[in-house]
Amino acid sequence: MDLQVQRNRAVWERASHKHVREYDDLLRQARQGGSLFGRERDLLTEVLRPGPAVVHLQSGHGLEDVGLLRAGAGSVVGVDFSRVATGAAQRRADELRLACRYLVAEVPGVPLADGCADLVYTGKGALIWMRDIEVWARDAARLLRPGGHLFVYESHPAVPLWSWDPDEPRVRADRSYFARSFVNDSFPADGAVEWQWTLGEIVTAVVSAGLRLVHLSEHPEPFWRPEETPAAAWQGRLPNTFMLLAQLPGEGG
């Protein structure tokens with residue numbers, strides 16, 4: 001783990017105490033079914049129908065894992081480099097008797113066997129913490145069995161450019177779509193550095209890792225927005241999220 005990733009990890013350990021403070025609220029949300037968006041469930045309906053084994057990279061609070069199980073997944077292994085986040089997620093899974101277990105590990109470099117998953121799920125603020133998108137894609141592909149799928153629902157790479165002005169969308173003067181990195185100034189902030197990947201770089205990395213692109217779409221709605229922040233960038237004119245589904249050729253592929 002290089003120095004900047006170590007620093008980011010320390011920031012996330014501090015920020016993840018939010019999951020502990022909000023444990024009761026997150027437990028309530030889990031009991032209500034987790035936090036998959038409708039478009040995620042729609043695209044994953046057939047993938048989840050056979051009850052796949054899922055690996056969730058950068059699992060955070062783990063509410064998506066509850067949603068995946070409710071939608072048909074047989075089991076979920078969550079991987080995150082925050083001990084605080086994985087500890088809170090495991091406690092909740094145990095309390096609700098869910099088929100989830102959590103590992104503390106850096107991504108890429110997941111300490112799981114090759115071909116252990118039918119579905120690798122990730123996104124919602126995950127890819128900006130990847131220092132090397134090609135290595136990430138290869139590690140995700142390595143985890144898949146032949147015929148397995150990679151699913152990503154993530155912030156659009158253009159999102160770092162949008163200002164949060166309420167009157168009209170503006171491009172921030174201090175940001176570039178083609179920059180390599182930014183200092184995060186929303187959450188977790190605290191000096192964390194995020195890496196910028198274009199949509200072309202992400203798709204190319206996935207295809208170069210040996211996966212076949214099944215679906216790629218762009219959407220105006222963000223997956224997260226701060227409360228009481230009516231940014232014009234979120235009013236339907238700009239891309240704020242994308243959804244990607246790819247498959248490892250082989251059995252069923």
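Worth saying up front: this structure is predicted, and the values here are computed from it rather than measured.
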Between [Y] and [X], does any NZ, NE, NH1 or NH2 come within less than 4.0 Å of an OD or OE carboxylate oxygen?
| X | Y | value |
| --- | --- | --- |
| Arg180 | Glu201 | yes |
| Arg39 | Glu221 | yes |
| Arg172 | Asp165 | no |
| Asp80 | Arg83 | no |

Might you point out which heavy atoms bring [X] and [Y] nearest each other, and give the distance in Å?
| X | Y | answer |
| --- | --- | --- |
| Arg70 | Gly33 | CG-O, 3.9 Å |
| Ala192 | Val11 | CB-CG1, 4.0 Å |
| Val55 | Cys116 | CG2-SG, 4.1 Å |
| Ala233 | Asn240 | O-ND2, 2.9 Å |
| Ala89 | Gly60 | CB-O, 4.3 Å |
| Leu238 | Pro169 | CD1-CB, 3.5 Å |

State yes or no: do [X] and [Y] share one hydrophobic cluster built from I, L, V, M, F, W and Y residues joined by side-chain heavy-atom distances below 4.5 Å, directly or via other members?
| X | Y | answer |
| --- | --- | --- |
| Val79 | Val104 | no |
| Val152 | Val135 | no |
| Phe178 | Met130 | yes |
| Leu27 | Val76 | yes |
| Trp224 | Val66 | yes |

Counting only N and O atoms by type, is there a donor-acceptor contact under 3.5 Å from the side chain of [X] to the main-chain atoms of [Y]?
| X | Y | value |
| --- | --- | --- |
| Gln247 | Val214 | no |
| Thr122 | Leu57 | yes |
| Glu154 | Met243 | no |
| Glu194 | Phe182 | no |
| Trp162 | Pro239 | yes |

What distance do [X] atom [atom1] and [Y] atom [atom2] have between them, rounded to the nearest 0.5 Å?
| X | Y | atom1 | atom2 | value |
| --- | --- | --- | --- | --- |
| Asp190 | Arg7 | CG | CZ | 12.0 Å |
| Leu43 | Leu36 | CG | CG | 11.5 Å |
| Ser82 | Gln58 | OG | CD | 11.5 Å |
| Arg31 | Arg28 | CZ | CZ | 11.0 Å |

* To do: Could you please spell out the steps behind the salt bridge (Lys or Arg N to Asp or Glu O under 4.0 Å) verdict for Glu40 and Lys124?
  => CA-CA 12 Å; Glu40 293 183 273; Lys124 298 179 183 172; 2.7 Å; yes
* Asked: In this structure, are over 12 heavy atoms from other groups packed under 6.0 Å from Arg237 atom CZ?
  -> no
Heavy-atom side-chain proximity of [X] to [Y] below 4.5 angstrom:
| X | Y | result |
| --- | --- | --- |
| Phe242 | Leu199 | yes |
| Trp197 | Pro157 | no |
| Asn184 | Val193 | no |
| Val54 | Ser75 | no |
| His215 | Leu244 | no |
| Trp164 | Pro226 | yes |
| Trp129 | Trp12 | yes |
| Trp234 | Thr229 | yes |

* Worked check of side-chain contact (heavy atoms from CB on, under 4.5 Å) between Arg175 and Val171 -> CA-CA 8 Å; Arg175 297 287 175 90; Val171 174; 6.0 Å; no
* Residue pairs involving residues 132-148 (criterion side-chain hydrogen bond (donor to acceptor under 3.5 Å, both in side chains); sequence neighbours excluded) -> Asp114-Arg142, Asp118-Arg145, Asp139-Arg142
* What's the verdict on side-chain contact (heavy atoms from CB on, under 4.5 Å) for Leu44 and Leu68, showing C-alpha distance, side-chain angles and the deciding distance? -> CA-CA 9 Å; Leu44 288 173; Leu68 289 165; 4.2 Å; yes
* To do: Please step through side-chain contact (heavy atoms from CB on, under 4.5 Å) for the pair Leu144 and His149, ending with a clear verdict.
  => CA-CA 7 Å; Leu144 290 172; His149 290 83; 5.6 Å; no
* Asked: Does the separation of the ring centres of Phe223 and Phe37 fall below 6.0 angstrom?
  -> no
* Could you tell me how the ring of Phe151 sits relative to the ring of Tyr121: parallel (under 30°), tilted (30 to 60°) or perpendicular (over 60°)? =>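 Parallel.
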* Passes side-chain contact (heavy atoms from CB on, under 4.5 Å), Trp195 versus Gln4? Steps please. -> CA-CA 11 Å; Trp195 284 276; Gln4 187 56 63; 3.7 Å; yes
* Structure fact -> The side-chain hydrogen bond (donor to acceptor under 3.5 Å, both in side chains) partners of Arg131 (sequence neighbours excluded) come to Asp2
* Consider only side-chain N and O atoms of His156 and Glu218, and report whether a donor and an acceptor are under 3.5 Å apart. => yes
N/O donor-acceptor pairs under 3.5 Å from side chains in residues 93-103, not counting sequence neighbours:
residue, atom, partner, partner atom, Å
Asp94, OD1, Gln90, NE2, 3.0
Glu95, OE1, Tyr23, OH, 2.7
Tyr102, OH, Asp65, OD2, 2.6

